[in-house]
Structures are given as structure tokens and as C-alpha cells.
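To start, the structure itself, in C-alpha cells.
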Amino acid sequence: MYDFKSIQEKWQEYYNREKPFEVDLKNAKKPFLNLMMFPYPSAAGLHIGNMYSFMGSDIYGRYMKLKGYDVYEPIGFDAFGIHSENYALKVGEHPAVLTPKSIEYFREKQLKKIGAIYDWKSEVNTSSPEYYKWTQWVFLQLYKAGLAEKRVSNVNWCPSCKTVLADEQVIENKCERCSSEVEKREMSQWFFKITKYSEKLLDNLDKIDWTENTKNIQRSWIGKSKGASIKFRLDGSQKYIEVFTTRPDTIYGVTYIVVAPEYKNLEQLIKPEIKKEFELFEESVRKMDMATRTSIKREKNGIFTGSYAVHPLTGKKIPVWIGDYVIADYGTGAVMAVPAHDERDWVFAKKYDLPIKKVIECEDSQLPYTEYGVMISSDKYTQTKSLDFIENVGSVHPDFEAQTNFHLHDWCISRQRYWGPPIPVIYCDHCGTVPVREEDLPVMLPQTKDYIPDGSGKSPLAKNEEFINTVCPKCGRPARRETDVSDNFLDSAWYFLRYCSPNDDKKAFDTELVKKWYPVGMYIGGNEHANLHLMYSRFITMALHDLGYLPFEEPFSSFRGHGLILKDGAKMSKSKGNMINPNDYFETHGVDCLRTYLMFMGNFLEGGDFRDSGMDAIQRFLNRVWDIASLPEGKCSDSVKTKMAQTINRFSYSIENMKYNAAVACLMEFSNEAVKESCMERSVVVDLAKMLAIFAPFIAEEIHLMKGGKGTVLNAGFPSGYEKYLESASIDLPVQINGKMRGIISVPKGLDSDALLCLLKENERFRSILEKPVKKVILVKDKIANIIM
RNA sequence: GCGUGAGUGGCGGAAUUGGCAGACGCGCUGGACUUAGAAUCCAGUGGACCUUAUAAGCCCGUGUGGGUUCAAGUCCCACCUCGCGCACCA
């Protein structure tokens, strides 16, 4: 038994005092930036999910360090925003007072204890004026580039958080954070034009080394769909309705047009005689909550406008309907209905007895038939293939145009809250909207007691006359400040760039250092941020690239999204009372044990199931390593060195492929062998400690020191020099007969099949089997043999 | 519904990518130590059959059903179940 408590305290203290993982950013020879998603310093401290994420990342960083890279592992705090603010409101303390306290606790009581190789001189805090000055600077760059725009729009409003939410923050029409039903409100808001980058955000995914799952989440969020826009002229008018469709090949099957109840030019379509009916309809739609409105199972409702459109190819009159199943802000807010080949149109047509015309070859029983196929009843296009028609849709008719649509929406960054960076814009009666001058940054968030949102739709800052009243930077006349703050996701969309020069008060980031250290070598975090944080970070990076600030478009060369932790097979939640507090285990089992167990309990990329019995197992393992290190020094057997050689290979392979559980397993396997020895060579013990140091730093440092090592074990180099123990003259060759395993035979290396047969015939076990004639021998050299009889 | 990932002992999970399935660990069983327990250590542990028993042997086994191959957890086709993402996106 070793005293894990005193050893962990000793080395925690050493890390603090000696700072062995501080990096000379300018002069590093083999730079490797190892990034983890920085935490929100809210609630009761670092939870086990943070711990899991950080450890998975730190293990990668430690491995790279052992391999000789100059690993830069920075950490910081995502301290602005609604998480911290809501927590402050909940406990009734001012966020400007509470947040520093939370950070202090996170840093001193948790992050400094977990044995990570953080470089503490790099700490970033998004809520400090030194940081948010540059968040505001980022806003100004985007504004100047025409990528930021204020516009009135229907936005998601959370009545509980009393602020707008980005589309991405709305999950099944509920607020991502508090699960309240989200409302729609028409408000004037600042938007970033992320949609300008839709195509690039999608295409670049093919070029970056990210977990496939994460890329898929991004792809489906961007939601590219190719199709055509088609203009339908209104009967007896010069006006037209433009529709978007992915199936222009079904154009001859259009029997009516449907527009959304919120369609822009609806007034002109409604004939006077149905005006009353429409008002009733509109009211019923408006009354519906969003969850009902967008439920896929809900019955579709609609009314006829009284207007007709003209089919661009046949010239036939077709009725224009209003349908509550059509979404106003996707495509053009209007669709051509082809009931024979679209399920929604089919249901709607059946309900309102609208005509159905089949134009893709299929059995009547297959309707609605939504596959591609061969066009029929389509004039000169009859017998044309769907895909051929779609391919050439641009040349069909002047009113047809090939078009691509994206699901991705522009990013609404306005928040009517207190705890964020004020958006650096001034409104002047003479000059209009004027950006704050860069030299006037930061626009300080005022220290005020009046920070609680009142639900008026305005930020608490709107009541602060001292803050609002300013002078116009252009004309010097009295003007008013923007009172909204920016979205928390803007803080975290560029924080990684700040890490290389966190104290620079002249610029947001140092171009030379950025060139040297970025893009990020490895970014590890949870997939809960796959849409929001990663997409926004990529967008900001692309924008800064196009503005000439960055030499790359993609911020993270490699990203790994890890899985979730369960507790005894169940999801963790406060209501179930099965939360894990990492700090508890620092005392009962030790940090080394917790780190190692978190990585051992399952495949890191898929998550794992936390069980206390597993913690005990790791403690036994660490004790065993301690026993090995405590063996008398002296020559150990060659078989242990052969095992070490195999272990080193398996270990490297496992870590590089992020199979941390397998890496721990092979160290256990080695220990089970090694503990049987009566003596152990110093170098073997040290090499074991080096590999163990990746998971269990403190015990490894202590063993390294005990065996005469200086400084941190991570500087001692990756284990090497065992190759010769793999070069034995003979090997164990598995032998199959007709594809079935029949035994293992020890043979010289590089044996050919004739020699193998001779050996087998001499072998007790195989002699009788080989009396029958051999048809064929398949020999994969030194790996396996299969004798076909 | 669409997309995507995954189904391996009683359990968590390995299997270096087509070559000894079940590594490693939990749990369980037996043993050692102990007055006793806890802790620790040692051994065994996928299932059936054969055998008095052991050793040995033999058959079956990676969600289901087919296929490719000398060889399939791994590749191909169809299906079932679960997780995740998107979802009235036209």
C-alpha cells in the first residue's frame, strides 16, 4: 500500500511551485496546442462531466509531451453569459461578485489539483474587461466587413430567461437551458451573417480531422438542399409567387400552390369575400403554441385565398391556398403542391378534395410516391428521368432557376441581459448607427445593482441613463448606446486565439504566435457543443481569415467529441440524486485513481458507466505498480522486457487512436507479469512510470523521483530500446485445419509452408490429422496457417 | 420519417482494421491469511457434449437471416432493436 494522499499533495504542490508545464511560446521547437473546452464557472463547481472531458484532453497532451512535443495546454473560464447570470440570480448574488468567487473555487480547489499540465500564465476570463474589449473588437471587425447587421425579425423569446435565443438554442421549441416554451417575438436584433459561409462551412468539413459524428451533426444543421425556384405568375396580375422545390421534375403534377400564413404579400392574394374567414384562420394559427404548430403529427389546415396562379409550362390556372404546414422562413415561404408525390401535399389534398395528378411512373397503390423515377404525363419531358430533368432545370424555362437552400440561419447575437459584453454601437440622430471607435474600447459593462431582466424585451442596461447617454463618435452630438449585450457564444467563438497572448492590451491576438501555434492540434470536448460553439468558432475564424487576420480558415485541425458518463447504468441528474462529485474521490481514492478510472471505464469517444467498484479496482492496480517499483533492484527476466516491448507498442497505438481504456488495460497486463519478478531493473520501472504518468501523474512522478529522476517524468522521453526483445528466433504460430483452430505450434521465424508441413508431421497433436492428403496450405507468414484437407 | 452510430459472457468493455473472439476489469466460486470479519493475495470462471473424474477432445457461440472468403465480430445484401442528431425544410 502506498500513501496516495501525501504523494498527491506533494506533487500538486510541486506543479504549483515549479510550474513545469509553462511554455516558452516564442521559442518552442515542436509546438503542439492541446485545447479543451473551457468551463462555465457556475453552479457548485467542476462536475464529473467536465472532469471526464478535461482528463481525456490532458491525457492526450501528456502523451504528446512525453513524445517530445512542446505541449501548450491552456485553460480559462467562459465566465460571461446566461449560465453564470442565471446562477447568480438563483442564489441572489451579483454576478460580478459571484463569478470571481466561482472562478477562484474552480481554479484553486479543483483545476489545480487534477494533475493536468495547464500553463496557468495563460488563463483567460471572458468576463474581464481585458478580454471583452477584444470580443467587442471582433464585433467591430465583422461590422466593418458587412457581416453584422441590425434588422427586425421574428425571434425566439424565452419568457423565463427573458431574452432572445438563437435558433440553435431552441430544442423542440423549448429553451435549451430552462426548458420553458419558447415564444416568437418581433424585435430589432443584431445578426451575424453566418449564412454567407454556409457553403464553406459545409465543404471544409471534408478537409478536417474531426469525429465523424460531430461532422454529421454540423452537416445536418447546415442542411443544404439543392433544387429550383420557380415563378408562378398570378392570374390577371404582373405579380408572381416564387416557390422553392427540390423536385422540379414533378412540375406537371402541381395542382395547387400553398403559402405560409405569415407569407409576405398575403394581403394581395386574399379575395375580399374570404377576408373574414382568413382572419379567423390566422387567429387560430397564432393561438397555437409552437410545439403544436410544428408537430409533425398535427392535422394540416388551410383555406383557399380565392386567387389563382398560372402554371408556367401548361398555362393552366391553379388555386392558391394558405396552409399552416408551410413555414414562412424557409425557402420562399411558398410551395408548389404535388399531392401525388409528396406526403404532406397528399394529406392536404385528400382533406380538401384537391386534384391529384400522377407524373412519376409508379403503381397507383404506391401514391404518394416520393422516389425519383421516370416522368410521365409531362408533355415533351415524358419519359425523361427525374434526375436528368433536375440536372438541367435552369434551361427549362426563364421562370425556372436552379437554387440551393440552407437550413442554417443567420446568428442572432443580441441578448437583453446584463452579464455580457455591451454591443459596441452608438445610435445618433444625425449619423445613424455608428460603431464605437476601436480606441474607445472596451465599452465597460456598468457596475449596477439594477441587473435583473424585467421581461420588457429590453436589457436592464436600457434603464441606466448614465450608460446610455454618450456622444456620437462621428459628429460629437449627444447620442445613445446600444443596450443589448452580445451572445455568450461570441465570447467562446474566439477564446482559443487569445490563449497565445492573454495579456496583450494592443491587439486581440499575436499574429506571429498564432501562425506558430494554430490551427489547434487537438481539440477535445463534448458533442453538446457540436452545433453551437464549434460552428460559430469556425465562422468567426473564417471571417477573420477573410479580413486578413488569420492565415487559416479552420480553427481546429483535429477535434474529438467524447461520450457521456452514466452512473450505474443511469443518466445522472440532480433529481435522481446520483450525481458524482469529483472532489469526494480526491480524498477517498486519490486524483490518480479517479483520472485513471475515468479513462478505463469505457471507450472515451463513446462514454462510460461510472461504478465505485471500478474505482477500487484501479486503486489495486496502482498499489501493484507501487509494489513493482518497490521490488529490489536487479536484473529481471527477458520475458518481462519482451512484455514491455509489446506494451509500449500497444500503448502508443491505443493512445493515438484514443482508446484510452485499452491503454490502461495493457499497463495492467504488464503489471500482472512484472509483479511476479523477484528483482526489477531501474530502467524498466521508470519506463512503466512514464507511461503511467499519462493517466496517474502523481504516483508516476514519485516513482520517477525514487528511481533517481529529475524534474517531471514527462520530460524523460518516451520509453525506447526494447525492440531487440521482439526479435526472438521462434514464434508461436496458430494453426487451423479447414478454417478451424486446432492448436499453436512453436516455429522458427520466416518459415515457409513446406517446412511447416514437415514440422506439423512431427508434432504429436497434428500427426494423425495430417495422415489424410493436404489440398492446400495457406500461410500468412509468422501470423497464422490454415491447412485445407 | 431522414441522417448517423452501435448491438460481443452475469456486467463494463477488448480484439492494432479480414487471421487464436471474450484482453483488461467488475461480479461470482474456491483457496490462503485471520478467533472471526473486512481488507489483501492466489486460482478458476462463455455455453453444451464426451469422460467415473482429470487432462485431452469435440460441437455451438459476437442482434436476426442470407452471401463473399482458405478464413468474418470485422466485408456485402435484407431485416430487428437501441442511442444520438435533424425533423411539416417542400
Side-chain angles (χ1 to χ4, degrees), chain A residues 1 171-172 211-225 227 243-247 250 258 293-298 300 323-327 329-338 341-345 347-348 370 405-407 527-528 530-531 561 563-564 566 568-569 597 600-603 605-618 620-621 623-624 627 649-650 652-654 656-657 659 661-672 675 732-744 765 775-780 783-788:
Chain A
M1 285 287 273
I171 313 289
E172 287 171 353
T211 25
E212 211 45 48
N213 182 24
T214 314
K215 290 202 217 180
N216 284 329
I217 291 171
Q218 296 232 328
R219 284 194 188 101
S220 67
W221 190 258
I222 294 167
K224 179 175 180 170
S225 70
V243 302
F244 174 74
T245 178
T246 55
R247 293 299 301 273
T250 60
V258 199
R293 173 83 193 271
T294 52
S295 162
I296 195 160
K297 292 173 197 117
R298 183 180 58 84
K300 299 170 189 6
D324 60 1
Y325 70 99
V326 176
I327 294 172
D329 40 331
Y330 183 77
T332 57
V335 301
M336 58 181 225
V338 186
H341 304 292
D342 183 279
E343 277 171 42
R344 295 152 303 184
D345 298 340
V347 174
F348 195 78
T370 58
N405 258 336
F406 293 91
H407 179 184
N527 268 321
E528 68 272 17
N531 262 344
L564 293 175
L566 304 177
D568 300 317
Y597 178 59
F600 179 70
M601 67 185 184
N603 182 322
L605 299 180
E606 284 156 30
D609 188 7
F610 193 102
R611 291 164 191 225
D612 288 344
S613 59
M615 286 290 294
D616 298 339
I618 298 295
R620 279 195 286 275
F621 162 61
N623 275 324
R624 174 164 297 192
D627 290 344
N649 289 343
R650 275 183 62 194
S652 302
Y653 173 85
S654 302
E656 279 160 28
N657 291 283
K659 297 171 185 230
N661 52 345
V664 175
C666 80
L667 294 184
M668 287 175 167
E669 225 178 300
F670 175 81
S671 303
N672 292 344
V675 78
D732 292 332
L733 188 78
V735 179
Q736 303 180 330
I737 308 290
N738 291 333
K740 298 220 159 113
M741 269 303 299
R742 282 298 178 263
I744 292 166
R765 166 117 177 72
K775 276 194 202 137
K776 199 175 172 187
V777 177
I778 288 148
L779 178 67
V780 182
K783 212 162 188 189
I784 199 164
N786 193 1
I787 317 291
I788 312 304

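Note that these values count all heavy atoms, side chains included, but never hydrogens, waters or copies made by symmetry. Order of the sequence lines fixes the chain letters, A, B, ..., with proteins taken first and strands second; residue numbering starts at 1 for each chain.
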**Report entry** Partner set under salt bridge (Lys or Arg N to Asp or Glu O under 4.0 Å) for A:K300, not counting sequence neighbours
**Finding:**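 Applying salt bridge (Lys or Arg N to Asp or Glu O under 4.0 Å) to A:K300 gives none.
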When all nucleic acid strands are considered with a 4.0 Å heavy-atom cut-off, which category describes [X]: base, sugar-phosphate, or nothing?
{"X": "A:N623", "answer": "nothing"}
{"X": "A:K775", "answer": "nothing"}
{"X": "A:V326", "answer": "base"}

Query raised in the report: Is a side-chain donor or acceptor of A:N405 paired with a backbone partner of A:S225 at a separation under 3.5 angstrom?
Result: no
Query raised in the report: Does A:N657 use its side chain to pair, donor to acceptor, with the backbone of A:Y653 at less than 3.5 Å?
Result: yes
Nearest heavy-atom neighbours spanning [X] and [Y]:
{"X": "A:I737", "Y": "A:R742", "result": "CG1-CG, 3.4 Å"}
{"X": "A:A337", "Y": "A:V258", "result": "CB-CG2, 4.1 Å"}
{"X": "A:F406", "Y": "A:Y330", "result": "O-CE1, 3.9 Å"}
{"X": "A:A785", "Y": "A:L779", "result": "CB-CD1, 3.8 Å"}
{"X": "A:T245", "Y": "A:R247", "result": "OG1-N, 2.9 Å"}
{"X": "A:H341", "Y": "A:T250", "result": "CB-CG2, 4.0 Å"}

Indicate every side-chain donor-acceptor pair of residues 608-616 of chain A with a distance under 3.5 Å to a residue at least two apart or in another chain.
from, atom 1, to, atom 2, distance (Å)
A:D609, OD1, A:D568, N, 2.9
A:D609, OD1, A:G569, N, 2.7
A:D609, OD2, A:G569, N, 3.0
A:D609, OD2, A:R611, NE, 3.0
A:D609, OD2, A:R611, NH2, 2.7
A:D612, OD1, A:Y585, OH, 2.5
A:D616, OD1, A:H589, NE2, 2.8

[X] [atom1] to [N] [atom2], straight-line distance once rounded to whole Å:
{"X": "A:N649", "N": "B:A14", "atom1": "CG", "atom2": "P", "answer": "20 Å"}
{"X": "A:D568", "N": "B:G10", "atom1": "CG", "atom2": "P", "answer": "20 Å"}
{"X": "A:N603", "N": "B:G7", "atom1": "CG", "atom2": "P", "answer": "10 Å"}
{"X": "A:I784", "N": "B:G18", "atom1": "CD1", "atom2": "P", "answer": "14 Å"}
{"X": "A:D609", "N": "B:G7", "atom1": "CG", "atom2": "P", "answer": "16 Å"}
{"X": "A:R219", "N": "B:C2", "atom1": "CZ", "atom2": "C1'", "answer": "15 Å"}
{"X": "A:L605", "N": "B:G13", "atom1": "CG", "atom2": "P", "answer": "13 Å"}
{"X": "A:E606", "N": "B:A15", "atom1": "CD", "atom2": "C1'", "answer": "14 Å"}

Query raised in the report: Pick one for B:U68: is it syn, with its angle within 90° of 0, or anti?
Result: anti
Query raised in the report: Where does B:G85 land, syn or anti, given syn is within 90° of 0?
Result: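 This nucleotide is in anti.
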Report all interatomic pairs (protein N or O, nucleotide N or O of nucleotides 70-72 of chain B) with separations under 3.5 Å.
from, atom 1, to, atom 2, distance (Å)
B:C70, O2', A:N786, ND2, 3.1
B:C70, O2, A:N786, ND2, 2.7

For [N] versus [M], give the span between their [atom1] atoms, rounded off to a whole number of Å.
{"N": "B:A6", "M": "B:G73", "atom1": "C1'", "answer": "13 Å"}
{"N": "B:U34", "M": "B:A23", "atom1": "C1'", "answer": "34 Å"}
{"N": "B:U45", "M": "B:A38", "atom1": "P", "answer": "24 Å"}
{"N": "B:C75", "M": "B:U62", "atom1": "P", "answer": "15 Å"}
{"N": "B:C59", "M": "B:C49", "atom1": "P", "answer": "16 Å"}
{"N": "B:U81", "M": "B:G65", "atom1": "C1'", "answer": "15 Å"}
{"N": "B:U52", "M": "B:C42", "atom1": "C1'", "answer": "29 Å"}
{"N": "B:C26", "M": "B:C79", "atom1": "C1'", "answer": "35 Å"}

Query raised in the report: Taking only Watson-Crick and G-U wobble pairs with both distances under 3.5 Å, what dot-bracket line describes RNA chain B, where [ ] shows pairs that cross earlier ones and | shows pairs with another strand?
Result: (((((((..(((......[....)))((((((.......))))))((.(.......).))..(((((..]....))))))))))))....
Query - Nearest to side-chain heavy atoms of A:K659, which nucleotide of B:C20, B:U17, B:C58 - result: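 Out of B:C20, B:U17, B:C58, the nucleotide with an atom closest to A:K659's side chain is B:U17.
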Query raised in the report: Of the nucleotides B:G19, B:C59, B:U17, which one has an atom closest to the side chain of A:R742?
Result: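 The nucleotide sitting nearest to the side chain is B:C59.
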How many angstroms lie between [atom1] in [X] and [atom2] in [Y], if you round to the nearest 0.5 Å?
{"X": "A:R219", "Y": "A:T214", "atom1": "CZ", "atom2": "OG1", "value": "10.5 Å"}
{"X": "A:T332", "Y": "A:I327", "atom1": "OG1", "atom2": "CD1", "value": "12.0 Å"}
{"X": "A:K740", "Y": "A:I787", "atom1": "NZ", "atom2": "CD1", "value": "15.5 Å"}
{"X": "A:Q736", "Y": "A:I778", "atom1": "CD", "atom2": "CD1", "value": "9.0 Å"}
{"X": "A:M668", "Y": "A:I618", "atom1": "CE", "atom2": "CD1", "value": "3.5 Å"}
{"X": "A:W221", "Y": "A:N531", "atom1": "CH2", "atom2": "CG", "value": "5.5 Å"}

Report summary line: In B/S/- notation (B base, S sugar-phosphate only, - none; protein heavy atoms under 4.0 Å), nucleotides 22-33 of chain B written 5' to 3' is -BBSS-------
Requested in this report: At under 4.0 Å between heavy atoms, which parts of nucleotides 80-86 of chain B does protein reach? Answer with one letter per nucleotide, 5' to 3': B base, S sugar-phosphate only, - none.
Outcome: ----SSS
**Report entry** A:N657 vs B:U16: side-chain N/O to OP1/OP2 distance below 4.0 Å
**Finding:** no
Query raised in the report: Of A:G608 and A:Y330, whose closest RNA chain B nucleotide lies nearer the 5' terminus?
Result: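 Nearest-nucleotide comparison on RNA chain B picks A:G608.
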